[in-house]
**Q** 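My structure is below; once you've seen it, I'll send some questions.
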Amino acid sequence: MDKPVLLTGTVEHGKALGRTVGMPTANLSVDRECALPEAGVYATVSEIEGRRWPSVTNIGVRPSVDDSPVWTVESHLIGFSGDLYGQRMTLTVLQIIRPQMRFSSLEAVKKQVETDVITAMKIYKEKTGAKHWEG
């Protein structure tokens, strides 16, 4: 990815499964004019009302959650807590972390996301020059 991909949209309700394992996600209903990158898990920056948060984002289907062919864009905002439903969000896609994978349980997903968060923070610091996030 030569330059960051920008996705914009509104945060909507999802299945709330990430919340059950302590990894809540913001489900982004992406504006139609936005072109999605290939399916995978990405290091991203989520911006809401002028505040930026490093994040890990799954783009594509959810192979460990359901068999739906519908693509979703779900971001776990690192260090964020609160309600984002109905808010506009801009997502800057920095770099792919890994391809999508199927896991045997939500607990296995959580363990992988914990690893993805560490990787995303390294990428965030490298790409933005930030020592910490603004949020």
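It should be emphasised that the depicted structure is a prediction, and the values quoted were computed from it without experimental measurement. As a basis for the values below, the full set of heavy atoms in this structure was taken, side chains included, without hydrogen atoms, waters or symmetry mates.
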**Q** Would you check if L84 and L77 make a side-chain contact, meaning some heavy-atom pair closer than 4.5 Å?
**A** yes
**Q** Do you know the tightest heavy-atom contact between G79 and W53?
**A** O-CZ3, 3.5 Å
**Q** Which heavy atom of W71 sits nearest a heavy atom of P37, and at what distance?
**A** CZ3-O, 3.6 Å
**Q** Under 4.5 Å between any side-chain heavy atoms of S46 and L91, yes or no?
**A** yes
**Q** Decide yes or no for T119 and R98: does some side-chain heavy atom of the first lie under 4.5 Å from some side-chain heavy atom of the second?
**A** no
**Q** Please identify each residue that fulfils side-chain hydrogen bond (donor to acceptor under 3.5 Å, both in side chains) with Q112, with sequence neighbours left out.
**A** D116
**Q** L28 and V11: which non-hydrogen atoms are nearest, and at how many Å?
**A** CD1-N, 4.3 Å
**Q** Check whether S55 reaches the backbone of T44 with its side chain - one donor and one acceptor, N or O, closer than 3.5 Å.
**A** yes
**Q** Are N58 and T25 packed together at the side-chain level, in the sense that at least one heavy-atom pair is separated by less than 4.5 angstrom?
**A** no
**Q** Less than 4.5 Å apart, side chain to side chain, heavy atoms only: is that true for E47 and T92?
**A** no
**Q** State the CD1-CZ distance between I48 and F80, to the nearest 0.5 angstrom.
**A** 6.0 Å
**Q** Under 4.5 Å between side-chain heavy atoms, counting indirect links through other Ile/Leu/Val/Met/Phe/Trp/Tyr residues: same cluster for L36 and M89 or not?
**A** yes
**Q** Would the distance check show the side chain of D83 and the main-chain N or O of Y85 forming a donor-acceptor pair, the cut-off being under 3.5 Å?
**A** yes
**Q** Is there a side-chain contact between I96 and E38 (heavy atoms, below 4.5 Å)?
**A** yes
**Q** Report the residues that fulfil side-chain hydrogen bond (donor to acceptor under 3.5 Å, both in side chains) with T90, sequence neighbours left out, ordered by chain and then residue number.
**A** none
**Q** Starting from the C-alpha separation in whole Å, work towards a yes-or-no answer on side-chain contact (heavy atoms from CB on, under 4.5 Å) for V93 and T57.
**A** CA-CA 8 Å; V93 180; T57 302; over 6 Å; no
**Q** Is any side-chain heavy atom of I123 closer than 4.5 Å to a side-chain heavy atom of I97?
**A** yes
**Q** Could you grab the distance from atom NZ of K125 to atom CE of M121, nearest 0.5 Å is fine?
**A** 5.0 Å
**Q** Please round to the nearest 0.5 Å and tell me the distance separating atom NE2 of H76 and atom NZ of K110.
**A** 10.0 Å
**Q** Is V56 linked to M101 within one hydrophobic cluster, defined over Ile, Leu, Val, Met, Phe, Trp and Tyr using a side-chain heavy-atom separation of less than 4.5 Å?
**A** yes
